[in-house]
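Residue numbers begin at 1 in each chain, while the letters A, B, ... track the order of the sequences.
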Amino acid sequence: MSSKPSISERALAGLTGPGMAEAPARFVDEAPAYLEGLNAEQREAVLTTDGPVLMLAGAGTGKTRALTTRLAHLLFTGRARPSQILAVTFTNKAAREMKLRVGALIGDSVEGMRWLGTFHSIGALILRRHAELVGLKSTFTILDADDQARLAKQVIEVADLDEKRWTGRNLAMTIDSWKNRGLTPDKVPASEAWNFADGKGIELYAAYQQRLKMLNAADFGDLLVHNLTIFQQHPDVLADYQSRFRYMLVDEYQDTNVAQYLWLRLLAQKHKNICCVGDDDQSIYGWRGAEVENILRFEKDFPGAKVIRLEQNYRSTPSILAAASGLIHANKARLGKTLWTEQREGENVKIRGVWDGEEEARLIGDDIEAEQHKGRPLSDMAVLVRASYQMRAFEERFNTLGVPYRVVGGPRFYEREETRDALAYLKLIRSAEDDLSFERIVNKPRRGLGDKALTTLHTLARANGVTLIAASRLALETDDLHASARKSLAAFINSLDRWSRDARDMPPADIAELVLEESGYIDMWKTSKSAQADGKIDNLKELVQAASEFETLEAYLDHVALVSELSESAEGGQVWLMTLHAAKGLEFPVVFLPGWEEGIFPSQRSLDEKGAAALEEERRLAYVGITRAEESCRISFAANRQIYGRWQSAIPSRFIDELPEEVVDVISQPGLYGAAATNFAAHSSFDGAKLKEDAYYDNPGWRRARAASARPQTAAPLIDAKAQTVSVSAPGKSKFAIGARVFHQKFGYGKVVSAEGQKLTVNFDHSGPKKVIDTFLDAS
DNA sequence: GCGCAGCCCATTTTT
DNA sequence: TGGGCTGCGC
């Protein structure tokens, strides 16, 4: 990240100078240095500053570069001051990277970009300034998913519902989905009350919001929904922000939900300089409320919008791009892009069918070792799975091989039990209103204050309309509690008071350490026989360490509320293992994509729940997977697999069949397909059930696999055919008319019989009708 | 109030 | 198959 001094100097000069509304002349006459190395579309994306812009950035097309340069350009040319730009991302990581890279261009003045951050962090910032408008105090706490579920559970308890049938987590999810759509309880359509608890859904939602208000708390969804309420009810506040944000930039626009969309629309109304960056083909969070629709109808929402497509890919080989493009072409709901690359060489995408999941893990392990022996660093390779339960097989294999690996995702640092406990102590010290935190740690470590004592306190609190801490003080004056419990509670409350006092003039790390020691919390784990205890103690130390980077306890806790990751220790020398979702935005030279079987990927459960739309989303997920690969992409499927301890057989994923044959090598295992039926019967745990051979073979994936094993593996690489890459998508028109004679590198001469966009069916003289993509053909 | 045995269930999860 | 929760027995 080296910044070019000359540019930084210019930036600072420009930024500090008065009257910076006009662009300095030198930028008009000659292209500024920061545009160097950008391709034509990236440049356009940078220079089209005014009016709505949709930057459709395909995978690996240098999106971040275009986007950060655009920000720098706005600042350099004096179009906006750092504080007049709103730049939103979804993840803290993306925000951090953007800030870093803009900083490299413009220097220290990036610190003035106060409105660069995640939707939630900016929402929180705005909400703190106007909290009283929605009945909160500016010191409100932010609840995470776990708190949310616990609060929802309490609401269900109070409503006296069957808690087995209606869980807190379910209610929290229902409420979340309403919030994702920007709906406050009064706006939820009455018919949707039935989404939960036999018509009580909306009531419960309202009760939940009421509880939040009492706790002076907001959940993640509220950070945006409260913003919307404020904007709608207080036009003066909205107008203020509308004027302030002269330019807006939104990353990963395809992942926005309705609430975020409304928020953006409201804020963009005045200047209308909104630039949304995204890729409809990489929208994979529909199940969390993301609406691909938002990006698909951008041009309607913002009339006069300019759409700029970044299509030159700098990441992958032609075959990988062709495979990904061919696959995604099967989707209907998309804007359509044509990715291409200047790269010419590259191996085909490899597809391997194996007997079972164990073998799959073994072969991938072997491949990884082979690559390693060729000198490839382990961290250049990644195994990407659909769901985390698929990871275990690989972890086991890597462990036996002694291959170091690293799992991304999983329980996040700030969501772990011990971290949350420790934070609950700190939150309670900061704010005595935090009943959820009180409940969490009042008996951790054990203080003899269990369910019974807690119920007593709850009753007292409710009767007097006070917090649990206040109720505790009352209880100490009465004999509602057993003498032993009372004694213990008194000591606990005493400690809390003392820590609160100490907290006033101690740095956060010292308070954290003190509290963890004095409360006996650390000791609880030190004396624990649990196998995880050591890890937990380490985590607690890390937490104290993390706190030392903050000046105040408030600053630290606010940071923690919105950030789930501790800054990652970048260790090389490990294979990556993660879900496809977690891999979005990353890239690796070698990518393994196991488990491409019907039912697993696409996931049967998704399909059952949401049907065709889900299938498209699964396909986008597959697209994301393939496009992570720079040099080598290896897909595999297993005929049999143990899932939840039960053997199941599966047919290859339909996605395999959607990959263009030209760029794919199928590595079949001798005997697997030919003898499949008999083998299957012999090994099957199905009690001798005879397989219907026809049904077994009659699916495209197996047909292809079998065809491939029959065909000699000459593997004549189709470098010329795929050289200029590649595929094609949505309603484009083919350059070949129906009936035209064409030539294909692999299949020879033929005649076009039908066309669907750029996907043609060609009747080849020698091999009969096949579906091929326009770009693989030459006129004959 | 605590601990353990048996039971149930099982995606993806930016904040 | 294994992790998390509940309910029972102490």
Side-chain angles (χ1 to χ4, degrees), chain A residues 88-96 117-124 142-148 163-164 167 169 172-173 176 179-180 218-224 251-252 254-257 259-260 282-290 357 384-393 396 408-412 414-415 417 443 445-455 482 484-485 488 529 532 559-565 578-586 595 599-610 614 617-618 620-622 624-625 641-648:
Chain A
V88 273
T89 62
F90 275 86
T91 64
N92 290 295
K93 197 173 147 201
R96 223 179 302 129
T118 63
F119 276 102
H120 295 270
S121 67
I122 291 171
I142 300 167
L143 303 192
D144 61 23
D146 199 79
D147 294 330
Q148 254 182 75
E163 287 168 50
K164 286 230 176 65
T167 66
R169 193 155 289 281
M173 271 170 60
D176 249 354
K179 289 186 177 175
N180 284 339
D219 64 22
F220 283 128
D222 281 343
L223 296 179
L224 283 156
D251 194 15
E252 306 281 14
Q254 78 281 351
D255 289 336
T256 48
N257 61 32
Q260 288 155 342
Q282 293 188 65
S283 168
I284 56 175
Y285 284 102
W287 50 277
R288 277 198 103 213
L384 311 181
V385 295
R386 170 69 245 259
S388 36
Y389 69 82
Q390 293 170 269
M391 291 188 192
R392 202 194 312 153
E396 276 169 16
V408 176
R412 290 159 197 287
Y414 287 113
E415 285 170 15
E417 181 190 8
N443 203 29
R446 303 248 128 90
R447 298 187 175 94
L449 299 167
D451 283 348
K452 196 157 167 240
L454 204 58
T455 311
H482 271 293
S484 60
S488 178
K529 276 172 247 142
Q532 304 151 358
H559 167 82
V560 175
L562 291 165
V563 167
S564 58
E565 286 297 332
M578 65 186 98
T579 63
L580 289 159
H581 282 93
K584 195 172 81 161
L586 305 176
I600 291 184
F601 192 36
S603 141
Q604 190 55 48
R605 196 158 158 177
S606 277
L607 266 40
D608 291 346
E609 275 167 26
K610 299 189 76 186
E617 182 154 314
E618 294 283 305
R620 291 194 289 268
L621 200 48
V624 166
R641 194 180 286 282
Q642 220 175 356
I643 298 172
Y644 305 135
R646 226 170 256 285
W647 280 99
Q648 292 181 8

Below 3.5 Å is the cut-off: list the nitrogen or oxygen pairs between protein and nucleotides 12-15 of chain B, distance only.
from	atom 1	to	atom 2	distance (Å)
B:dT12	OP1	A:Ser388	N	3.0
B:dT12	OP1	A:Ser388	OG	2.2
B:dT12	O4'	A:Arg386	NH2	3.4
B:dT12	O2	A:Arg386	NH2	2.2
B:dT13	OP1	A:Thr579	OG1	2.6
B:dT13	O2	A:Arg288	NE	3.1
B:dT14	OP1	A:Arg412	NH2	2.1
B:dT14	OP2	A:Arg412	NE	2.1
B:dT14	OP2	A:Arg412	NH2	2.3
B:dT15	OP1	A:Asn92	N	3.2
B:dT15	OP1	A:Asn92	ND2	3.2
B:dT15	OP2	A:Ser564	OG	2.8
B:dT15	O3'	A:Leu562	O	2.9
B:dT15	O2	A:His120	NE2	3.2
B:dT15	N3	A:Arg288	NH2	2.8
B:dT15	O4	A:Arg288	NH2	2.7

Spell out protein contact along nucleotides 1-10 of chain C as letters: B when the base is contacted, S when just the sugar-phosphate is, - when no protein heavy atom is under 4.0 Å; keep the 5' to 3' order.
-> BS----S---
With sequence neighbours excluded, residues passing salt bridge (charged side-chain N to carboxylate O under 4.0 Å, His left out) with A:Glu252 = A:Lys63, A:Lys584
Partners meeting salt bridge (charged side-chain N to carboxylate O under 4.0 Å, His left out) with A:Asp176 (sequence neighbours left out) | none
The ring pair (Phe, Tyr, Trp, His ring centres under 6.0 Å) partners of A:Tyr285 (sequence neighbours excluded) come to A:Trp287, A:His581
For A:Arg392, enumerate each residue passing the side chain to side chain contact (heavy atoms under 4.5 Å, CB included) test, keeping only those at least two apart in sequence or located in another chain.
-> A:Glu396
Set of residues satisfying side chain to side chain contact (heavy atoms under 4.5 Å, CB included) with respect to A:Ala561, sequence neighbours excluded = A:Ile142
Across the strands shown, which category fits A:Ala94 at heavy-atom distances under 4.0 angstrom: base, sugar-phosphate, nothing?
-> nothing
Mind checking the C1' distance from B:dT14 to C:dG3? Whole angstroms is fine.
-> 26 Å
Sequence neighbours excluded, the answer for salt bridge (charged side-chain N to carboxylate O under 4.0 Å, His left out) partners of A:Arg641 is A:Glu360, A:Glu597
Would you please name every residue forming a side chain to side chain contact (heavy atoms under 4.5 Å, CB included) with A:Ala95, sequence neighbours left out?
-> A:Thr89, A:Leu116
Can you establish whether the number of heavy atoms outside A:Met391 located under 6.0 Å from its atom CE is more than 12?
-> yes
